[in-house]
Chemist: 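Once you've had a glance at the structure underneath, I'll fire off some questions.
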Amino acid sequence: IIEALLLAIAGGGDVLEKLAPDSSASGILVFLPGWDDISRIKRRCKAHLVLGDERRFRILPLHSQIRLEQQREVFEKPPAGVRKVVLSTNIAETSITIDDIGVVIDCGRAKEVV
């Protein structure tokens with residue numbers, strides 16, 4: 001489902017215009033339950049014919065398990081014509097702001113510590 005949503009949004013046109021009318025905020029933030037989900041979706045996107053095209057998409061994980069240098073990449077603006085897709089847990093929802101995010105996809109699941 002996440003891949004289908006990313007493709008629909010990335011296709012531009014009416015879908016993107018309705019969701020993110022401000023073209024300067026063209027990044028997509030995807031909230032996932034945990035590292036395993038982030039890692040799996042990243043692999044699937046990178047292997048996808050369209051989403052894996054690095055001239056069109058920059059797939060970036062954001063999680064405490066990755067190096068700080070990699071975490072900082074989510075704040076960099078991608079080159080013209082490249083759409084940034086950030087895969088993160090919902091912990092980032094209240095702790096950071098990524099300026100060029102125009103669309104948020106929340107899978108609706110979260111891990112909770114009980």
Side-chain angles (χ1 to χ4, degrees):
I1 292 175
I2 298 293
E3 290 170 64
L5 283 170
L6 288 172
L7 285 170
I9 293 166
D14 293 339
V15 174
L16 186 58
E17 183 61 31
K18 288 177 184 172
L19 294 174
D22 177 8
S23 62
S24 66
S26 62
I28 302 170
L29 176 59
V30 182
F31 288 128
L32 298 161
W35 174 249
D36 292 340
D37 302 290
I38 291 170
S39 186
R40 182 176 33 79
I41 294 293
K42 179 184 174 193
R43 279 193 312 274
R44 289 182 60 126
C45 287
K46 294 267 188 180
H48 192 276
L49 184 64
V50 176
L51 296 172
D53 183 352
E54 293 183 359
R55 296 168 297 174
R56 295 180 61 195
F57 294 94
R58 191 164 185 194
I59 310 296
L60 302 169
L62 179 59
H63 193 274
S64 62
Q65 291 191 21
I66 63 172
R67 294 187 329 265
L68 187 57
E69 299 83 38
Q70 285 181 289
Q71 291 180 31
R72 287 187 180 131
E73 289 179 25
V74 302
F75 299 104
E76 297 172 6
K77 189 170 180 167
V82 177
R83 186 174 306 278
K84 175 168 51 178
V85 178
V86 178
L87 307 174
S88 181
T89 62
N90 64 351
I91 291 172
E93 188 172 6
T94 57
S95 58
I96 64 167
T97 299
I98 304 171
D99 291 332
D100 59 344
I101 295 296
V103 177
V104 176
I105 299 172
D106 191 336
C107 76
R109 292 179 36 222
K111 291 186 179 179
E112 293 184 20
V113 178
V114 198

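Residue indices begin at 1 and follow the sequence shown. This one's a predicted model, so the numbers in the text were calculated from it and none came from an experiment.
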Chemist: Could you report the tightest heavy-atom contact between Phe75 and Thr97, atom names first, then the distance?
Modeler: CE2-O, 3.5 Å

Chemist: So Lys46 and Ile59, do their side chains get closer than 4.5 Å, heavy atoms only?
Modeler: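 Side-chain contact under 4.5 Å: yes.
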
Chemist: For Glu69, does the CD atom have more than 12 heavy-atom neighbours from other residues, nucleotides or ligands under 6.0 Å away?
Modeler: yes

Chemist: Excluding sequence neighbours, so at least two apart, what forms side chain to side chain donor-acceptor pair (under 3.5 Å) with Arg72?
Modeler: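 Partners of Arg72 by the side chain to side chain donor-acceptor pair (under 3.5 Å) criterion come out as none, since no residue qualifies.
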
Chemist: Count I, L, V, M, F, W, Y as connected when their side-chain heavy atoms are under 4.5 Å apart, and connections chain through other members. Are Ile96 and Leu29 then in the same cluster?
Modeler: yes

Chemist: Could Glu73 and Arg58 be called an ion pair, given the rule that one side-chain N must be under 4.0 Å from one carboxylate O?
Modeler: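 Here Glu73 pairs with Arg58 in a salt bridge, since their nearest N and O are under 4.0 Å apart.
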
Chemist: Give, for atom CD of Gln71 and atom OG of Ser64, the distance between the pair rounded to the nearest 0.5 Å.
Modeler: 7.0 Å

Chemist: What heavy-atom pair brings Lys84 and Asp100 nearest, and what distance separates the two atoms?
Modeler: NZ-OD1, 2.8 Å

Chemist: Is the closest side-chain heavy-atom distance between Leu87 and Leu60 below 4.5 Å?
Modeler: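 When only atoms from C-beta onward are counted, Leu60 and Leu87 do not touch, as no gap falls below 4.5 Å.
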
Chemist: Quick check for you: to the nearest 0.5 Å, what is the distance between Ser39 atom OG and Leu32 atom CG?
Modeler: 11.0 Å

Chemist: Passes side chain to side chain contact (heavy atoms under 4.5 Å, CB included), Val30 versus Ile41? Steps please.
Modeler: CA-CA 10 Å; Val30 182; Ile41 294 293; 5.7 Å; no

Chemist: Let me see the working for Val86 and Ile101 under side chain to side chain contact (heavy atoms under 4.5 Å, CB included), right down to the final yes or no.
Modeler: CA-CA 9 Å; Val86 178; Ile101 295 296; 4.3 Å; yes

Chemist: Yes or no on side chain to side chain contact (heavy atoms under 4.5 Å, CB included) for Arg40 and Arg43, after CA distance, side-chain angles and deciding distance?
Modeler: CA-CA 5 Å; Arg40 182 176 33 79; Arg43 279 193 312 274; 3.9 Å; yes

Chemist: Might you point out which heavy atoms bring His48 and Val50 nearest each other, and give the distance in Å?
Modeler: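 Between these two residues, the closest heavy atoms are ND1-N, 3.0 Å.
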
Chemist: Given His63 and Thr89, is the side chain to side chain contact (heavy atoms under 4.5 Å, CB included) satisfied, shown in steps?
Modeler: CA-CA 7 Å; His63 193 274; Thr89 62; 3.8 Å; yes

Chemist: Which heavy atom of Ile38 sits nearest a heavy atom of Pro61, and at what distance?
Modeler: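 Where Ile38 meets Pro61 most closely, the heavy atoms are CG2-CB, 3.7 Å.
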
Chemist: Shortest non-hydrogen contact from Asn90 to Phe31?
Modeler: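 In this case the closest contact between Asn90 and Phe31 is CA-CD2, 3.6 Å.
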
Chemist: Among residues at least two apart in sequence or on other chains, which ones pass salt bridge (charged side-chain N to carboxylate O under 4.0 Å, His left out) with Lys42?
Modeler: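 Expected list: none.
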
